[in-house]
Each structure stands twice: as C-alpha cells, then as structure tokens.
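Heads up, the thing below is written out as structure tokens.
Keep in mind the model is a prediction, meaning the values are calculated, not measured. As a basis for the values below, the full set of heavy atoms in this structure was taken, side chains included, without hydrogen atoms, waters or symmetry mates.
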Amino acid sequence: MWEALELDEIWTYVGQRRRKVWLWLAVERASRRIVAWVLGRRDAATARRLWQALPGRYRRHCWYFTDLFPAYVDALPRWRHRRCPKGDGGTSVIEAVNCSLRQRCGVLVRKSCSFSKSLIMHTARIKVVIDNYNLTLT
C-alpha cells in the first residue's frame, strides 16, 4: 500500500537568535502523525539524515510531498518526490502540524522568552512535545 508523507522544516534557535537550528519533520498525510524528525542545519546533509530517520516502510512505499527547497531533491527518490509550490495545498497538512507544534512548544516560537540554552535540552523539549502530539492522535 502506498502512503503519502509531507516533509518540511521550521527554524528555531538555541541560546541566541543567530544560532539557528532547523527542525525537519516527516508527517503521514492520512493520520497527521509525525513519523520522523531531526534537528540540524538547513542543508542537504540534514535532509539525508531525515531520510535515514524514516522507518523502513516509509522509505519503500511512499510518495513524498515537499516545498521547493532544493535539499530534498538530493535526499529523496526522484520518481516518488513531488515538489509543491506555495499555495497549491501539497504540504498543507505539515504546515498545520507546524502551527500546532509552535502552539504547544515555547522553544519553537520565534518571538518568545522561552528558549533553550543547550542543544540537548532543546532536543529533549521538542521530543516531549512531539511524543505528546502523536499520543493525542491515537
């Protein structure tokens, strides 16, 4: 059975605004469940790390919907990758998930007094929110 995943990245920071960290997400379109996520830079290496973080079944039998960011071209299988321009609705599910995560996790809000001083704590806070988000879907 073929499934659809939507992939996107959102920025946050650790300590200071100039220390940007990107949260890369893969969301199952039908269930809105986050199936994989990684933190890193906004580059092709992190896109490949997201690909490696996907469970095997999503690497074998899936369509991948992303925005036009070029890092996905190198990381995803070409014939199953669908690049979607802004406004066409191809990544609307993951954009909604991004908004939900920003509402639930203070460190993901750009203009906030809530921030992490270390990457370890940043990762831990995001993990708790993502785990709770996925639990609310079941």
Side-chain angles (χ1 to χ4, degrees):
M1 177 177 191
W2 286 83
E3 299 182 72
L5 287 186
E6 295 183 17
L7 292 81
D8 198 17
E9 68 286 339
I10 57 177
W11 77 269
T12 179
Y13 63 94
V14 177
Q16 303 168 7
R17 286 189 193 271
R18 68 175 187 258
R19 291 185 56 203
K20 287 185 181 179
V21 177
W22 294 84
L23 171 62
W24 294 65
L25 298 166
V27 173
E28 191 178 62
R29 183 178 275 177
S31 68
R32 300 172 69 101
R33 191 170 62 92
I34 299 169
V35 297
W37 64 277
V38 295
L39 284 172
R41 297 173 54 187
R42 194 170 190 234
D43 59 12
T46 311
R48 286 190 292 275
R49 283 186 35 233
L50 179 62
W51 168 255
Q52 292 300 319
L54 288 174
R57 73 178 237 214
Y58 294 108
R59 282 187 270 154
R60 288 188 296 273
H61 303 289
C62 234
W63 295 105
Y64 308 101
F65 295 85
T66 69
D67 55 16
L68 301 178
F69 187 57
Y72 292 112
V73 174
D74 297 332
L76 300 174
R78 198 168 293 224
W79 69 276
R80 292 185 279 154
H81 180 203
R82 301 291 178 262
R83 298 178 76 205
C84 307
K86 276 242 191 269
D88 86 336
T91 58
S92 60
V93 170
I94 196 161
E95 295 296 344
V97 170
N98 288 345
C99 287
S100 293
L101 290 179
R102 285 196 191 278
Q103 291 293 317
R104 297 172 188 211
C105 187
V107 298
L108 297 177
V109 178
R110 292 182 198 146
K111 294 183 178 180
S112 169
C113 292
S114 176
F115 63 91
S116 300
K117 293 182 181 179
S118 74
L119 187 59
I120 292 169
M121 286 307 298
H122 200 67
T123 304
R125 291 171 79 177
I126 291 170
K127 181 180 178 353
V128 167
V129 171
I130 287 176
D131 289 348
N132 285 332
Y133 173 83
N134 281 340
L135 280 175
T136 61
L137 297 175
T138 57

Scanning both residues in full, the closest heavy-atom pair of G90 with C84 reads CA-SG, 3.7 Å
Here the ring-ring contact (aromatic ring centres under 6.0 Å, His included) pairs for residues 26-46, sequence neighbours left out, are none
Rounding to 0.5 Å, atoms NZ (K20) and CH2 (W11) come to a distance of 5.0 Å
All heavy atoms of C62 vs all of R80, minimum pair found to be O-CD, 3.2 Å
Separation between CD1 (I10) and CG (L23), nearest 0.5 Å, reads 4.5 Å
Nearest heavy-atom approach of I94 to L25 is CD1-O, 3.5 Å
Residue pairs passing the salt bridge (charged side-chain N to carboxylate O under 4.0 Å, His left out) test with at least one member in residues 126-138, sequence neighbours excluded, are K127-D131
CG of L101 to OH of Y133, rounded to nearest 0.5 Å, is 6.5 Å
Distance-only criterion, 3.5 Å: show the donor-acceptor pairs between side-chain atoms of residues 65-77 and protein atoms not counting sequence neighbours.
residue: T66; atom: OG1; partner: H81; partner atom: NE2; Å: 2.7
residue: D67; atom: OD1; partner: F69; partner atom: N; Å: 3.2
residue: Y72; atom: OH; partner: D8; partner atom: N; Å: 3.4
residue: Y72; atom: OH; partner: E9; partner atom: OE1; Å: 2.4

Is there a side-chain contact between R82 and W63, using heavy atoms and a 4.5 Å cut-off? yes
#### Entry: R104 vs N132 side-chain heavy atoms within contact, under 4.5 Å
no
R29 meets the side-chain hydrogen bond (donor to acceptor under 3.5 Å, both in side chains) criterion, sequence neighbours left out, with E6
Across all chains, not counting sequence neighbours, the side chain to side chain contact (heavy atoms under 4.5 Å, CB included) partners of S31 are E28, R33
> Is there a side-chain contact between V129 and L108 (heavy atoms, below 4.5 Å)?
Replying inline: no
Determine all donor-acceptor pairs shorter than 3.5 Å in which one atom belongs to a side chain in residues 45-56; sequence neighbours excluded.
residue: T46; atom: OG1; partner: R41; partner atom: N; Å: 3.3
residue: T46; atom: OG1; partner: R41; partner atom: O; Å: 3.0
residue: T46; atom: OG1; partner: D43; partner atom: OD1; Å: 2.8
residue: R49; atom: NH1; partner: L39; partner atom: O; Å: 3.2
residue: R49; atom: NH2; partner: L39; partner atom: O; Å: 2.8

Residue set satisfying side chain to side chain contact (heavy atoms under 4.5 Å, CB included) with S118, at least two apart, ordered chain then number -> I120, M121
Contacts of D88 meeting salt bridge (Lys or Arg N to Asp or Glu O under 4.0 Å) (sequence neighbours excluded), chain-then-number -> none
